[in-house]
Amino acid sequence: QKEVEQDPGPLSVPEGAIVSLNCTYSNSAFQYFMWYRQYSRKGPELLMYTYSSGNKEDGRFTAQVDKSSKYIYLFIRDSQPSDSATYLCAMSAENNNDMRFGAGTRLTVKP
Amino acid sequence: KAGVTQTPRYLIKTRGQQVTLSCSPISGHRSVSWYQQTPGQGLQFLFEYFSETQRNKGNFPGRFSGRQFSNSRSEMNVSTLELGDSALYLCASSLVSWDTQYFGPGTRLTVL
């Protein structure tokens, strides 16, 4: 079993829809949780960063960490065609730069 | 501020050869991490350098090595290339070890 599991999709939604992405993990030591967006032929771009549990909101994006169930979530409100990309979750233990990534979920937002 | 740059962007090599990839971090960033990205395995951590010292290493064979220079630029070397080494190699920099990482565009290596 991988440390971080993420459904690769693909996920296709109409413009304006609310998108829900998630990852599950097995390592209780993970404290830092991140979501990256990767466009085709580009490097990953940090979207959201959360320490420990809780929610974090930034514009149309909301990141949520539920350590009790070992799930993290990324919600995208009012999705746009420009949100079409692969979304990667990543996590790391305290003071450890050895990040573990999910497989990435490919999202397409149709106009 | 300029982002992370990686050279070359594309590379084609044959089995048994060796390759060196280069990464220039964001100005002022002292930590550089390397990752391998493949469709099957996703993003996997290779190693991290901070102040010219390797601080963390992922689970890759010794054919994969790296170094960091005093100006924080980093190089990654892969010796005796195998077909399975074909991947996108990404470099990420951060101010200090364990801080928000910023990725470069990657070097796409194809091994024939």
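Every chain is numbered from 1, with letters handed out A, B, ... down the list of sequences.
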task = Using non-hydrogen atoms and a 4.5 Å limit, figure out which bit of B/Leu88 sits close to chain A: side chain, backbone, both or neither.
result =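 Looking at B/Leu88, just its side chain touches chain A.
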May I ask you to check whether over 12 heavy atoms, not counting those of [X], lie within 6.0 Å of atom [atom1]?
{"X": "B/Asn71", "atom1": "CG", "result": "yes"}
{"X": "A/Lys110", "atom1": "NZ", "result": "no"}
{"X": "B/Arg15", "atom1": "CZ", "result": "no"}
{"X": "A/Tyr39", "atom1": "OH", "result": "yes"}
{"X": "B/Tyr102", "atom1": "OH", "result": "no"}
{"X": "A/Arg106", "atom1": "CZ", "result": "no"}

request  = Measure A/Gln38 against the heavy atoms of chain B and call it side chain, backbone, both or neither at under 4.5 Å.
outcome  =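 When you check distances to chain B, only side chain atoms of A/Gln38 fall under 4.5 Å.
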query = Under 6.0 Å between the ring centres of B/Phe103 and A/Tyr36?
reply =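 Yes, they do, as the ring centres are separated by less than 6.0 Å.
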inquiry  = Which one wins on heavy-atom pair count under 4.5 Å against chain A: B/Gly40, B/Gly42, B/Ala92, B/Pro105?
reply    =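 Winner by heavy-atom pair count: B/Pro105.
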Considering all heavy atoms, the nearest [X]-[Y] contact:
{"X": "B/Leu43", "Y": "A/Pro44", "value": "CD1-CG, 4.1 Å"}
{"X": "A/Leu46", "Y": "B/Gln101", "value": "CB-O, 4.3 Å"}
{"X": "A/Met99", "Y": "B/Tyr35", "value": "CE-OH, 3.5 Å"}

request  = Any chance you could measure A/Phe101, atom CZ, to B/Gln37, atom CD, to the nearest 0.5 Å?
outcome  =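 One gets 8.5 Å once the value is rounded to the nearest 0.5 Å.
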